[in-house]
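Since the structure comes first, as structure tokens, the remarks are kept for the end.
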Amino acid sequence: MKRKFITIFALLAAAIMCFTFAACGCNDDKTIKNLSGDCGFTAEGEFAEDSTLVVEPLREATDEQKALIAAKDICVDNNMQVYDISVQKDNAKVQPNGKVKITLDFDGDSPNGYTVFHFKSDTEMEVLPATLSSGKLSFETTSFSVFIIGENKPEEYNYNITYNLDGGSFAEGVTAPTSYSNESDFPLALPTPEKSGYTFKGWKNAYDVEMTEITANIRGDITLTAIWQEPAYTRTKDGIVFGSYPQSQVKDESLIAKLNSATGVDKYEDLNDVEIEGWAYLEYRKFGELAENIAFKDITLDGATYRGIYIKDYTQREACLAKIADSSFYQKDYKYIKGDVYWFKFEPIKWVILKEDKENGKAMLMAELALDVKPFQDQVKKVGDLYYVDSEEVPDETAAYNWEYSYIRKWLNDTFYNTAFTDLQKEIIQTTKIDNSAYDGTLRLKDKSPNEDYNNPDTEDKIFLLSLQEFLTLPRFQPNLTNNDNYVGYADYYKAMGGLLKAAIKNGETVYSNGASYIFRTPRNGYGDVVWGYSYANTLGSNPYKQYDCPYADNQNYGIVPVLWINL
């Protein structure tokens, strides 16, 4: 019994060893790399020796096969080539043990290429990419069965194009395509419409994506909306409208309530005792120190922009040096009450054309109204009998009347510039070299004789103030038959900021001048802390009362009338 068990174990071990050797390739079977078949077909892979490549052309694809191809949403020509490809050995079909490359002689040269559809069964199909080169078509597969070769053809489609011109139109002769299809000549250029006073900037689709053309990869109906760029300025009979700034006071109680509610100020019973969330203080000073007296906030509501001001305290006339007693304040005189909020609407700025250079396409403009109230210099100190700018940001011993280092120059070219103008409008504002010399002193007998020490160097600015010399020579300010006043008006916002208005008594009531008091950029000879200004009084008699003023450089009650050059 024991001997019989040993014999069985030896036979089993021998069988296991033979299986192991066979698995390790220790058999004598030989393989070949390439097979050739009918119809110019070759197969590159690893095949058992004595295998043959069998290619059987079939008449046409079946309806079931065509349905599977159509389901793949691949467009191919109906004239397809069908082959049943197999590898056989000993008259039996065998499948490869890896990837096989099939190559065949191919008489075709489609610009769209070819696709091979491999039918593994009646219900299972895979798509194989094909490569055509030098009259040879090749593809790779991991099994053999029926293969169908189809010529790719463009997708057939036709979609509509709709235009939303937003007030524009196509000029006569402009062709605007109303559709595109697979037969269109891509890229398909889009037409250019016209709109009076506007510049066409392009098209955007329903998803707000800008489009310049229709390309071959786009599908679906398209609605295009014209993008119009508003003009940088509008020319009127009397001048130019350009930019915007808070001007008219809002008087409508329902609108005021909406603005107060939108900014949250209506929830406070006493605004003097709180800081208003999201508001910022305007830069005013009281005897040299920043005074948090007026807060502001800009808000857009129902498509319009408004500025709210909260008067926590009245504006001090002199910013730095108490030269005169402030027994009253202009804001209080104009019935603007401490602790209240007032609203002003951003409105287009109207400009007077002071000078036009038609040859070079530019014009010098001055705001029609005094728009705001600011000091020429907001930091001034007195050293002996001289007045200097009191700031570490400017060179030592810079005179208070110096335009180059003035507060108002910085405010005009920064805060005002960025508040009043859009990016498009900024593009047409020129940088201008301006003369900042002192005036020679002939307006008043007590003026000292000309002194070049008071001249300021020329500067290059986008926004500036009028000089006294320009005021005395430009035609706009010279009395004539149609305009013998030549004053500059003022916006409501100017009054709310405490702008100086000349007062008079008429029929027992105080009336204020129609014209503003405003400053020039010109220093007055012989005075270390004054610049030239101008005041206009209301006409109570037959002649208007006008005068040249000399406000202190730190006076905070004179108006700002911006001047600039633009490209027309």
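Among residues two or more places apart in sequence or in another chain, the side chain to side chain contact (heavy atoms under 4.5 Å, CB included) test is passed with Val174 by Phe170, Ala171, Pro191. The side chain to side chain contact (heavy atoms under 4.5 Å, CB included) check on Asn158 picks up Ser179, Ser181, with sequence neighbours excluded. For Lys462, the side chain to side chain contact (heavy atoms under 4.5 Å, CB included) test picks out Asn413, Tyr417, Ile429, Thr431, with sequence neighbours left out. With sequence neighbours excluded, the residues that form a side-chain hydrogen bond (donor to acceptor under 3.5 Å, both in side chains) with Arg307 are Asp298, Tyr493. Taking Lys136 as the reference, Asp105 meet the salt bridge (Lys or Arg N to Asp or Glu O under 4.0 Å) condition, with sequence neighbours excluded. Shown here are the side-chain hydrogen bond (donor to acceptor under 3.5 Å, both in side chains) partners of Thr459, two or more places apart in sequence or in another chain: Trp403, Asn436, Asp461. Residues satisfying the side-chain hydrogen bond (donor to acceptor under 3.5 Å, both in side chains) test with Ser110, not counting sequence neighbours, are Glu151. With sequence neighbours excluded, the residues satisfying side chain to side chain contact (heavy atoms under 4.5 Å, CB included) with Asp458 are Lys433, Asp435. For Thr300, the side-chain hydrogen bond (donor to acceptor under 3.5 Å, both in side chains) test picks out Thr305, with sequence neighbours left out.
The neighbour count for Asp357 CG, taken as heavy atoms of other residues, nucleotides or ligands under 6.0 Å away, is above 12. Crowding of Asp185 atom CG: a count of heavy atoms from other residues, nucleotides or ligands under 6.0 Å not exceeding 12. Summarising the local packing, CD of Glu283 is surrounded by 12 or fewer heavy atoms from other residues, nucleotides or ligands at distances under 6.0 Å.
One finds the CD1 atom of Ile428 at 13.5 Å from the CH2 atom of Trp565 (value rounded to the nearest 0.5 Å). From Ile85, atom CD1 reaches atom CZ of Phe41 across 4.5 Å, with rounding to the nearest 0.5 Å. Taken to the nearest 0.5 Å, the CD1 atom of Ile102 stands 10.0 Å off from the CD atom of Glu140. If you take CE on Met497 and CZ on Phe296, they are separated by 10.0 Å, rounding to the nearest 0.5 Å. Distance CD/Gln249 to OH/Tyr306: 13.0 Å, rounded to 0.5 Å. Between the CG atom in Asp492 and the CG atom in Leu369 there is a gap of 9.5 Å [rounded to 0.5 Å].
For the pair Ile311 and Ala496, the tightest heavy-atom approach, listed with the atom from each and the gap, is CD1-O, 4.4 Å. Taking both residues in full, the closest heavy atoms of Tyr163 and Pro177 are given as OH-O, 2.6 Å, listed atom of the first, atom of the second, then distance. Between Lys312 and Glu292, the shortest heavy-atom contact is CD-O, 3.5 Å. Contact between Ile148 and Ala61 at its shortest, heavy atoms only, is CD1-CB, 3.6 Å. Minimum heavy-atom separation, Ala43 to Val100: CB-CG1, 4.0 Å. Leu137 and Ala130 make their closest contact through CD1-CB, 3.9 Å (heavy atoms, listed as atom of the first residue, atom of the second, distance).
Under a 3.5 Å cut-off, the side chain of Asp221 and the backbone N or O of Asn160 do form a donor-acceptor pair. Remark: side-chain polar atoms of Gln65 are paired, donor with acceptor, to backbone N or O of Thr62 under 3.5 angstrom. With hydrogens and angles ignored, the 3.5 Å screen pairs no side-chain donor or acceptor of Gln88 with any backbone N or O of Val54. Within the 3.5 Å criterion, the main-chain N or O of Ser143 finds a donor-acceptor partner in the side chain of Thr141. Side-chain atoms of Asp166 do not come within 3.5 Å of backbone N or O of Ala226 as any donor-acceptor pair. When atom types are taken as modelled, the side chain of Ser145 and the backbone of Phe119 share a donor-acceptor pair closer than 3.5 angstrom. Panel note: side chain Trp228, backbone Leu165; a donor-acceptor pair is recorded below 3.5 Å. A donor-acceptor pair is defined here as one N or O able to donate and one able to accept, closer than 3.5 Å; no such pair exists between the side chain of Glu49 and the backbone of Ile32. With Asp77 contributing its side chain and Asn79 its backbone, the two residues share a donor-acceptor pair below 3.5 Å.
Within the structure, side chain to side chain donor-acceptor pair (under 3.5 Å) pairs that include any residue of residues 187-207 do not occur (at least two apart or interchain). The salt bridge (Lys or Arg N to Asp or Glu O under 4.0 Å) pairs that include a residue from residues 358-369 number zero, where partners must be two or more places apart or lie in different chains.
Cation-pi geometry between Lys374 and Tyr284 is met: under 6.0 angstrom from the ring centre, within 45 degrees of the axis.
Using a 4.5 Å heavy-atom cutoff, the side chains of Phe106 and Ile149 are in contact. Looking at heavy atoms from C-beta onward, Leu255 lies in side-chain contact with Leu301 at the 4.5 angstrom threshold. Residues Lys153 and Asn182 have side chains not in contact (no heavy-atom distance under 4.5 Å, counting atoms from C-beta outward). Side chains of Leu424 and Glu230 form no contact here, defined as non-hydrogen atoms less than 4.5 Å apart. Side-chain atoms of Lys66 and Met80, non-hydrogen and from C-beta on, do get closer than 4.5 Å to each other. Between Gln247 and Lys350, every side-chain heavy-atom pair lies at or beyond the 4.5 Å cut-off. Counting heavy atoms from C-beta outward, Trp279 and Val341 have side chains that approach closer than 4.5 Å. Annotation: side chain of Asn418 is in contact with side chain of Lys426 (closest heavy-atom distance under 4.5 Å).
Ring orientation note: the planes of Tyr159 and Tyr180 are tilted relative to one another, at an angle of 30° to 60°.
Aromatic rings of Tyr245 and Phe416 (six-membered ring for Trp) have centroids within the 6.0 Å cut-off, being under it.
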(message) For Lys101 and Ser138: C-alpha separation, side-chain torsions, deciding distance, then whether side chain to side chain contact (heavy atoms under 4.5 Å, CB included) applies.
(response) CA-CA 7 Å; Lys101 182 178 180 180; Ser138 60; 3.8 Å; yes
(message) Applying side chain to side chain contact (heavy atoms under 4.5 Å, CB included) to Lys33 and Glu46, what does each step give before you reach the verdict?
(response) CA-CA 5 Å; Lys33 296 292 185 182; Glu46 189 169 307; 3.6 Å; yes
(message) With side chain to side chain contact (heavy atoms under 4.5 Å, CB included) as the criterion, how do Val76 and Phe117 come out once you've worked through the C-alpha distance, each side chain's angles and the decisive distance to 0.1 Å?
(response) CA-CA 11 Å; Val76 291; Phe117 304 94; 3.9 Å; yes
(message) Run Cys39 and Leu104 through side chain to side chain contact (heavy atoms under 4.5 Å, CB included) and show every step you take.
(response) CA-CA 7 Å; Cys39 305; Leu104 66 148; over 6 Å; no
For residues 210-220, dump all side-chain donor-acceptor pairs below 3.5 Å to protein atoms at least two apart in sequence or in another chain.
from: Thr215; atom 1: OG1; to: Asn217; atom 2: OD1; distance (Å): 2.4
from: Arg219; atom 1: NE; to: Glu155; atom 2: OE1; distance (Å): 2.9
from: Arg219; atom 1: NH1; to: Tyr157; atom 2: OH; distance (Å): 3.4
from: Arg219; atom 1: NH1; to: Ala216; atom 2: O; distance (Å): 2.6
from: Arg219; atom 1: NH2; to: Glu155; atom 2: OE1; distance (Å): 3.1

